[in-house]
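Below, chain A is the first sequence line, B the second, and so on; all start at residue 1.
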Protein chains: 2
Amino acid sequence: MNLKQLAAHLGLSQTTVSRALNGYPEVSEQTRIRVAEAARALNYSPNARAKGLATGRAMAIGHVIPISTQHEMVNPVFGDFIAGASEAYLKAGYDMTLSLSGDEDEADNYRRLKAKGHVDGIIVHGPKMADGRIPFLRGLDLPFVVHGRASELDIPYSWIDMNNTSAFKRATSFLLDLGHTRIALLNGLEFMDFAYRRRIGYEEALTDRGIAPDPALMRGEEMTEPFGYRAAAELLAAAHPPTAFLTSSLITAIGIRRAIHEAGLEMGRDVSVITHDDDLSYLANGRDMPIFTATRSSVREAGRLAAEMLLRHIAAPARDPETHLLEAQLIIGGSTGPAPKPT
Amino acid sequence: MNLKQLAAHLGLSQTTVSRALNGYPEVSEQTRIRVAEAARALNYSPNARAKGLATGRAMAIGHVIPISTQHEMVNPVFGDFIAGASEAYLKAGYDMTLSLSGDEDEADNYRRLKAKGHVDGIIVHGPKMADGRIPFLRGLDLPFVVHGRASELDIPYSWIDMNNTSAFKRATSFLLDLGHTRIALLNGLEFMDFAYRRRIGYEEALTDRGIAPDPALMRGEEMTEPFGYRAAAELLAAAHPPTAFLTSSLITAIGIRRAIHEAGLEMGRDVSVITHDDDLSYLANGRDMPIFTATRSSVREAGRLAAEMLLRHIAAPARDPETHLLEAQLIIGGSTGPAPKPT
DNA sequence: ATGGTCATCCGAAGCGCTTTGGAGGGCCGT
DNA sequence: ACGGCCCTCCAAAGCGCTTCGGATGACCAT
């Protein structure tokens, strides 16, 4: 069923039917109703490609998610981010197209995305500290919003980010207040911007208290359970073990917990753990009584906000870049406690 | 840069340029090269909407992922599945469009997807036992492949699935061989087809050995860490606790492990645990020495296969439904051991 | 010279929609 | 009765591409 057929069926012109369906004023209320009913009855829904061709708008947003070639890992945060974003898209009638791409051909990927006219805007995921995609996209005249920031770039662009630095600074201060002085940091890969910023927060809190950050206590890797386990096990077995861990992911925290138990220690009493918690739907950190003390910030919410931001930019392309900094909550769970008295 | 401009630039007709670019024979090798070079130099890439309109093909696959309204959870398996599928799409030049939808409006969603001409085929995620989407899609003349099956439906359709029943049957038998007789099942929600099939496998193994499945030992919920913890803690505190757990997700298994530790027991010695492991990139169950004994089947691989299957169907629409059953590996890790002697 | 065959190329229609620039008729005031 | 205005509708062009049905020569055999 297409417009022409629908128009013929109604004995009207395509023009009138199109206008009736799209809410233009120059059509009588009576025919508008007639058209709307026929459209529903005949299950008509306009062909998006034709509409896009005619209007020049794709009514779709592109999400390009980077899969680094070294470690073929899909960011677990992605699902929830998308879920949030799609709430916004649904309301606005936008679709979402996904493309995974290795880091080499990403620029090409974006260019093609634009040339093909597939999308009206792009959300950039997982920015690195000096992410080349951002200057590239700025030159492309395609609205985009970055989820995160690129610290080494000093050009304006729209982003939404969590305040990684302050979150980890507060978490570290909290541990310091509890008397911990040897605090390990099990971070994500340090070329990722969020990981860098989290380390800065951690180091700032330490130096503010006159404690020099100890490189031996800091690791940055892909945030898996085995990483948390291995790193924590090593550190706990060292001569001068940490009494607390700060980590970037719940999954890593779970590995840390395993190492703590295996060392015959108890989390929250002998060793404290704070993790960042993206509030993922399938990785709940307990609802009422959180298992882990955590800096929490909903990635789903970030997705929603990023999408809304992007849609605003598409509606008003002249608009200046917009930025949005989310503050994480520090929620207290059972994984932290006063530093044990030195024996 | 569009075809017309490119053709003008080359002093050729649109027809010839289009044919040169698409590999038709009626154009000399010499001009073909000239066209190809100009296209690259001028960064030309055909507008997908126009191309789609003209050819009637969208060159895109739709993934509709259900978000149940009760529990707004994104299946954590999704990211890896998509990653696998996109490998196949990339090779074939297909795009991927995503739409999340609550369970009520899903039919409408599919109809719209088709009417809008956005996609050439659909992958159906998370089928329920009597999933209404399958008969609906069959009537829609849109190729689709289901990731999983709908046990209560007796109509032909293409699917790819893991052999849930045999995997859980083998896992249960393995535990029985180790001397366990009270084996708890912490499953996913039972209206989900995979969960149903897993329970069947578990029950079959038990009854084969003359053990009546005990409803008190079986739970089916959203597979979160807290679910695993809570259920395991309750069961372990009961009068006649299980000596082994079988569960559908690594995340739940982690909760079970926590409960075991808190009960002062040791996993693999006092209590055995087997989990299903989707081999997710961010949830590695240890590489060399798996933490958990597990039935493993890569969901990423399933994604790749599903996509390839769908593309075959799009290429040859008359083709009969195709099905593919993957067998899970039973991999032995440190979480299982002989049943403790009754005291 | 003529007709036929190939190898190359081109014009124009058509995909399903939006949108510009009218057309037709009812109703008003005069 | 007539011009003018508004309300409602329509024809046709155009979005960027593919593809059908030729057109144009070059070349060969007759």
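Here CD1 of A/I61 is found 13.5 Å from CG of B/L98. Values are rounded to the nearest 0.5 Å.
Between B/E308 and B/R304 a salt bridge is recorded (basic side-chain N to carboxylate O distance below 4.0 Å). A salt bridge between A/E29 and A/R32 is present, with a side-chain N of the basic residue lying under 4.0 Å from a carboxylate O of the acidic one.
Between A/R49 and B/E29, the residue anchored nearer the 5' end of DNA chain C, judged by the nucleotide with its closest heavy atom, is B/E29.
Here the C1' atom of nucleotide D/dG16 and the CG atom of B/L21 are 13 Å apart, to the nearest Å. Between the C1' atom of D/dA13 and the CG atom of A/L53 lies a distance of 14 Å, rounded to the nearest Å. Between B/H118 atom NE2 and C/dC15 atom P the separation is 20 Å, expressed in whole Å. Rounded to whole Å, atom P of D/dG16 lies 8 Å from atom CD of B/Q5. Per the geometry, CG belonging to B/L12 stands 20 Å off P belonging to D/dA23, to the nearest Å. Rounded to an integer number of Å, the gap from CD of A/Q30 to P of D/dC7 is 16 Å.
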* **Verdict with reasoning, A/L280 to A/V77, per side-chain contact (heavy atoms from CB on, under 4.5 Å)** => CA-CA 7 Å; A/L280 303 184; A/V77 146; 4.2 Å; yes
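Between C/dC9, C/dC10, D/dC10, one nucleotide has an atom nearer to the side chain of B/V27 than all others, and that is C/dC9.
Ring to ring, B/H9 and B/Y44 are not that close: their centroids are 6.0 angstrom or more apart.
The backbone N or O of B/G117 sits less than 3.5 Å from a side-chain atom of A/R49, completing a donor-acceptor pair.
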* Structure fact -> A correct 5'-to-3' footprint of nucleotides 17-27 of chain C, with B, S and - meaning base, sugar-phosphate only and no protein heavy atom under 4.0 Å, is BBBBB------
